[in-house]
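Chain identifiers are assigned alphabetically (A, B, ...) following the order of the sequence lines, protein sequences preceding nucleic acid strands; residue numbering begins at 1 within each chain. Remember, predicted model here, so these are calculated numbers, not experimental data.
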Protein chains: 2
Amino acid sequence: MKIDLPNHTASQLCSDDDSDQHSLRSRKRAATRLTIRREAIALGLAHGYENVTVEMICAASTVSPRTFFNYFGSKEGAYISAHKPLPTAQQHRDFVEGAGPSVFRELFELICGTFLAAETDLELFQGRHRLIYQTPELLNREKSRISEMEEIFAGYVLERFQHEGRSTTDTPDLEDEAHMVVALASGALRFALQKWVAGNFTSTRETLMRTTSALIQRVTTNEHWP
Amino acid sequence: MKIDLPNHTASQLCSDDDSDQHSLRSRKRAATRLTIRREAIALGLAHGYENVTVEMICAASTVSPRTFFNYFGSKEGAYISAHKPLPTAQQHRDFVEGAGPSVFRELFELICGTFLAAETDLELFQGRHRLIYQTPELLNREKSRISEMEEIFAGYVLERFQHEGRSTTDTPDLEDEAHMVVALASGALRFALQKWVAGNFTSTRETLMRTTSALIQRVTTNEHWP
DNA sequence: TTGCAAATTTGCAGGAACTGCAATTATTCT
DNA sequence: AGAATAATTGCAGTTCCTGCAAATTTGCAA
């Protein structure tokens, strides 16, 4: 099994996808990857992202620069969230075929669920989050990562619409409608995530859901349409 | 007057801001800048962004590489939209103090007006647009540029809320609410822009407004809240 | 017009990110 | 153990980008 081909064109950064479970090899790889990430973030937090060189990171994690690039493909790669949190086929189907009354609520739950499930190492997550939000360049990357996710979820919403019997030929804007639903839900998620991080990861998902749902409602119903 | 300090940290790319009007100097600078942009985009369209080197661009526009970086600070700089289209103080005030019934509509008009007013050279605009949307790296930049704009407009919406008497202490989520309003309006704008470009810049702003407004309405009113 | 001051362009040296290639070392399989 | 496979590494080279100081151009005033 070859490591992470630098499939850089598609703005792929890297994946922690370890399809093998328990070979010495894959455990070692996972360990190395984690070490590099940790050192990278520690250095970034200590000296500021732009003052950290790949060489420093390598020195701190005792790998060669070449190996660093084998793993991450780019300096940023070591900083940007590893997982592309995709819903399971099951979650996907449930959402598409679910006929609940509120697309927003269900979409939000879907995203929430997928997103939170993916993050395992809280400490790493926090460090990365702090660093990203104090580094414009990383923040930009993060934002575009998020907007890639949004594309995907917009696809799901579109599927759901079609499953509800609405067709693109019938409603040409259907795709745009899907995108806007996602934009709104995503705004809500950003909000929720901020609360969650600010509150040190304490509040329950249920509480967040309630608050957020109220927010969406307020935004969209205070409006007097022309 | 010094040229464009490479204020690169704040993800500033460059500005075509020519505060002087008519000195030979500034006209020459403007011309050079335009030439470089044109050549850069032409080369990008011809060979693909990543296969174009700064040296090629320089050769095509007869400036030294060092001068290129004096102008644009980065390779991307020559490709990403130059203007940061900000509303005039007048437009800003009108929006903040306007008490119309639909924030969305007025925000959309504000953005639309500011945005379209800024683009003068249609041909350049089209070329850039085409190239950006076929180059992931540039698209990311563009997206983050857009989300910077969104920040700004979210600020305006917040001001408007406050002008309406709503305070942050009263409603802690007020800022988030502003962001969500912008997210929605921005989704609408993206939609509108796409139509506009696809239709070869023919449809009137009024038509777009109507279609878009209908879209927003559909998204937010088909919803049965929990 | 001439000559000085300020703005602009340029060359050069060098740092840092990144890639391809081939050699070396470590793991896995038989 | 020994062959097959995978991971790591070194090295040379390209490209982006920066600082600095010298050369050139332009604006302006005597």
With sequence neighbours excluded, residues passing salt bridge (Lys or Arg N to Asp or Glu O under 4.0 Å) with Glu142(B):
Arg145(B)
Nucleotide dT19(C), atom P - distance to CZ of Phe72(A) in whole Å:
14 Å
Could you tell me the separation between the OH atom of Tyr49(B) and the P atom of dC16(D), rounded to a whole number of Å?
8 Å
Got a sec, which residues hit salt bridge (Lys or Arg N to Asp or Glu O under 4.0 Å) with Glu106(B), two or more places apart in sequence or on another chain?
Arg160(B)
Rounded distance in Å - CZ (Arg29(B)) to P (dG27(D))
11 Å
Please enumerate all residues that pass side-chain hydrogen bond (donor to acceptor under 3.5 Å, both in side chains) together with Ser147(B), with sequence neighbours excluded.
Lys143(A)
What string of B, S and - do you get for nucleotides 10-17 of chain C, 5' to 3', if B is base contact, S is sugar-phosphate-only contact and - is no contact with any protein heavy atom under 4.0 Å?
BBB----S
Going by the rule ring-ring contact (aromatic ring centres under 6.0 Å, His included), which residues pair with Phe161(A) if we only count those two or more places apart in sequence or in a different chain?
none
Side chain to side chain contact (heavy atoms under 4.5 Å, CB included) with Ala60(A): which residues, sequence neighbours excluded?
Glu39(A), Leu43(A)
Partners of Arg25(A) by side chain to side chain contact (heavy atoms under 4.5 Å, CB included), sequence neighbours excluded?
Ser23(A)
Between the protein and nucleotides 25-28 of chain C, list every N/O to N/O distance that falls short of 3.5 Å.
residue : atom : partner  : partner atom : Å
dT27(C) : OP1  : Lys28(A) : NZ           : 2.4
dT27(C) : O2   : Arg25(A) : NH2          : 3.1
dT28(C) : OP1  : Leu24(A) : N            : 3.1
dT28(C) : OP1  : Arg25(A) : N            : 2.7

Salt bridge (Lys or Arg N to Asp or Glu O under 4.0 Å) filter on Arg38(B), not counting sequence neighbours, yields Asp121(B)
Would you call the rings of Tyr156(B) and Phe153(B) parallel, tilted or perpendicular, taking 30° and 60° as the class edges?
perpendicular
Below the 4.0 Å mark, does dA7(D) have OP1 or OP2 next to a side-chain nitrogen or oxygen of Tyr71(A)?
no
